[in-house]
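Presented below is the structure to which this report refers.
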Amino acid sequence: MKYFIATDHAGVEIKNYTKELLEKMGHEVEDLGPFNTERVDYPDFAEKLAREVAKFSEKISEEEDWKNSGVFGILICGTGIGMSITANKIPNIRAGLCHDAYTAEMARAHNNANVLCFGARVVGKGTIESIVKAWDSAKFEGGRHLNRVQKIGKLDR
Ligand code: RB5
């Protein structure tokens, strides 16, 4: 997979940690910044990443697991809240704010989420590793969940 990753000033160190983790897992990572801890506004980075990920919606059909597009996004801020609120404004983005392996697995399995958000001030490195691994190995279940995800998509139009 290719993972786009971005943060605000609150998550720069955790972004680097997550990037290394993804690379060790064998993934390609494109880091959209920032690259220092100067204060920035999270909506700028959330929008930038979400627009990159959303471009890949053309590669798959509405019914498919987003995983088939070949890309995911990861957004980090202090709580993950601002990033998830912003990313979800972009059509075709389903950003899930995850706190543990269970929420990460469900975001993929039930919501076909394509952007993972978490809070650098909320979860520690061990939890982040379990979140990322659960997200990465889960698959969208489709079935009864597909109709619900399609209803979310209709709100974009
Ligand atoms: C920055 O202090 C903080 O507000 C931001 O990282 C994030 O938590 C917003 O949702």
Side-chain angles (χ1 to χ4, degrees), residues 1-25 27-57 65-67 69-138 140 145 148-149 151-157:
M1 295 291 291
K2 174 172 179 172
Y3 276 81
F4 291 98
I5 193 166
T7 181
D8 69 357
H9 50 281
V12 173
E13 196 231 318
I14 287 296
K15 169 168 69 69
N16 295 337
Y17 167 78
T18 308
K19 190 179 163 190
E20 273 177 36
L21 172 67
L22 289 164
E23 284 168 348
K24 272 190 216 145
M25 289 165 67
H27 298 300
E28 180 191 347
V29 182
E30 186 168 338
D31 187 346
L32 300 180
F35 301 99
N36 60 54
T37 54
E38 264 168 50
R39 225 168 264 186
V40 291
D41 296 332
Y42 60 81
D44 297 335
F45 288 87
E47 183 191 358
K48 190 173 171 186
L49 181 138
R51 292 206 186 280
E52 286 301 329
V53 173
K55 281 179 196 166
F56 288 79
S57 65
D65 188 338
W66 181 275
K67 198 168 203 174
S69 77
V71 302
F72 282 129
I74 297 187
L75 285 169
I76 305 159
C77 63
T79 58
I81 297 170
M83 286 298 197
S84 54
I85 291 172
T86 311
N88 279 316
K89 296 277 182 192
I90 306 301
N92 297 310
I93 292 301
R94 289 178 299 280
L97 175 55
C98 299
H99 301 293
D100 48 32
Y102 179 71
T103 47
E105 186 190 340
M106 288 301 110
R108 291 285 309 114
H110 288 189
N111 312 114
N112 202 10
N114 48 20
V115 175
L116 165 63
C117 302
F118 55 81
R121 296 173 181 156
V122 180
V123 286
K125 288 180 179 172
T127 305
I128 290 168
E129 183 174 346
S130 55
I131 288 173
V132 170
K133 289 187 171 164
W135 174 281
D136 192 61
S137 58
F140 178 48
H145 302 293
R148 297 165 185 165
V149 170
K151 284 188 177 185
I152 300 171
K154 285 196 182 118
L155 299 173
D156 284 341
R157 300 186 267 274

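We number each residue from 1, following the sequence as shown. Each ligand, and each atom within it, is numbered from 1 in the order the structure gives.
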Q.
Counting non-hydrogen protein atoms only, what is the nearest one to atom 5 (C) of ligand 1? Give residue, atom name and distance.
A. Asp8 OD2, 3.2 Å

Q.
Counting non-hydrogen protein atoms only, what is the nearest one to atom 8 (O) of ligand 1? Give residue, atom name and distance.
A. Thr79 N, 3.0 Å

Q.
In the structure I gave you, are the side-chain heavy atoms of Phe4 and Leu75 within less than 4.5 Å of one another anywhere?
A. no

Q | Nearest non-hydrogen protein atom, atom 10 (O) of ligand 1 | A | Gly82 N, 2.9 Å

Q. Do any N or O atoms from the side chain of Trp135 and from the backbone of Thr103 form a donor-acceptor pair under 3.5 angstrom?
A. no

Q. When you measure from atom 1 (C) of ligand 1 to every protein heavy atom, which one gives the shortest distance, and what is it?
A. His9 NE2, 3.7 Å

Q. Where do Leu21 and Lys133 come nearest, in terms of heavy atoms and distance?
A. CD1-CE, 4.5 Å

(Q) I'd like to know if the side chain of Asp8 and the backbone of Val40 have a donor-acceptor N/O pair within less than 3.5 Å. (A) no

Q. What are the atoms of ligand 1, with element, lying closer than 4.0 Å to any heavy atom of Ala10?
A. 6 (O)

**Q.** atom 9 (C) of ligand 1: the protein heavy-atom neighbour that sits closest, reported with distance to 0.1 Å
**A.** Tyr42 CE2, 3.5 Å

Q. For Gly78, is at least one N or O under 3.5 Å away from an N or O on ligand 1?
A. yes

Q.
Are more than 12 heavy atoms, taken from residues, nucleotides or ligands other than Glu13, located less than 6.0 Å from that residue's CD atom?
A. no

Q: Quick one: sort the Tyr3 and Phe72 rings into parallel, tilted or perpendicular, breaks at 30° and 60°.
A: tilted

Q. Can you tell me the protein heavy atom closest to atom 3 (C) of ligand 1 and the distance?
A. Arg121 NH1, 4.0 Å

Q. With sequence neighbours left out, what residues match Glu30 under side chain to side chain donor-acceptor pair (under 3.5 Å)?
A. Lys2

(Q) Any nitrogen or oxygen of Cys77 lying under 3.5 Å from a nitrogen or oxygen in ligand 1? Just yes or no. (A) no

